[in-house]
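In what follows, a structure is listed as structure tokens, so that the remarks can point back to it.
Keep in mind that what you see is a predicted model, and the values were worked out from it rather than measured.
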Amino acid sequence: MCEQTQARRATLDEEAAAREEILRRHCNRLREPERDHRPPIQDEQALAEAARARELLARHHAAVAVVRGHTVPLRTARQSQPALTRGAA
């Protein structure tokens with residue numbers, strides 16, 4: 001019975017060593033953030049759409065502020081008129 005116990009322990013030790021080796025190879029790698037691997041946006045149309053979306057969001061926030069009674073100037077390229085005179089309705 002002692003030989004069976006020793007054989008079982010040896011098998012368990014081998015399996016444990018194999019699991020540790022797998023963990024050491026695969027799980028303990030240093031991972032880099034995904035954003036480091038994304039290519040930069042080169043599409044001019046996508047950049048223009050993103051700029052347009054930002055402008056629309058700024059206008060929306062300004063309109064909400066006007067409705068609530070707060071004056072907030074728009075942060076656009078055209079800073080000639082405040083938000084209240086452009087018409088927020």
Side-chain angles (χ1 to χ4, degrees):
M1 188 140 155
C2 186
E3 294 174 8
Q4 290 177 349
T5 305
Q6 288 177 351
R8 196 172 353 146
R9 284 187 182 173
T11 303
L12 291 175
D13 289 341
E14 289 174 8
E15 291 173 359
R19 282 194 302 273
E20 288 178 14
E21 176 67 23
I22 290 170
L23 287 174
R24 200 166 7 98
R25 271 190 282 141
H26 295 288
C27 296
N28 292 337
R29 292 184 204 163
L30 294 176
R31 301 225 14 170
E32 296 178 6
E34 186 179 332
R35 66 179 176 272
D36 291 348
H37 300 288
R38 292 183 182 163
I41 297 175
Q42 299 293 330
D43 188 16
E44 291 183 19
Q45 183 179 1
L47 291 173
E49 289 174 6
R52 176 79 174 138
R54 282 192 301 272
E55 182 181 341
L56 289 175
L57 184 63
R59 288 179 181 271
H60 172 74
H61 286 295
V64 169
V66 168
V67 169
R68 291 181 179 165
H70 305 289
T71 303
V72 177
L74 289 177
R75 296 180 192 150
T76 62
R78 298 181 285 156
Q79 281 282 329
S80 61
Q81 298 177 344
L84 288 174
T85 58
R86 285 192 199 158

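Distance CD/Gln6 to CD/Gln4: 11.0 Å, rounded to 0.5 Å. Here CD1 of Ile22 is found 10.5 Å from CZ of Arg24. Values are rounded to the nearest 0.5 Å.
For Arg52, the side chain to side chain contact (heavy atoms under 4.5 Å, CB included) partners are Glu55, Leu56, not counting sequence neighbours. With sequence neighbours left out, the side chain to side chain contact (heavy atoms under 4.5 Å, CB included) criterion links Glu15 to Thr11, Leu12, Arg19. Take Gln45 and apply the side chain to side chain donor-acceptor pair (under 3.5 Å) test, not counting sequence neighbours, and it matches Glu49.
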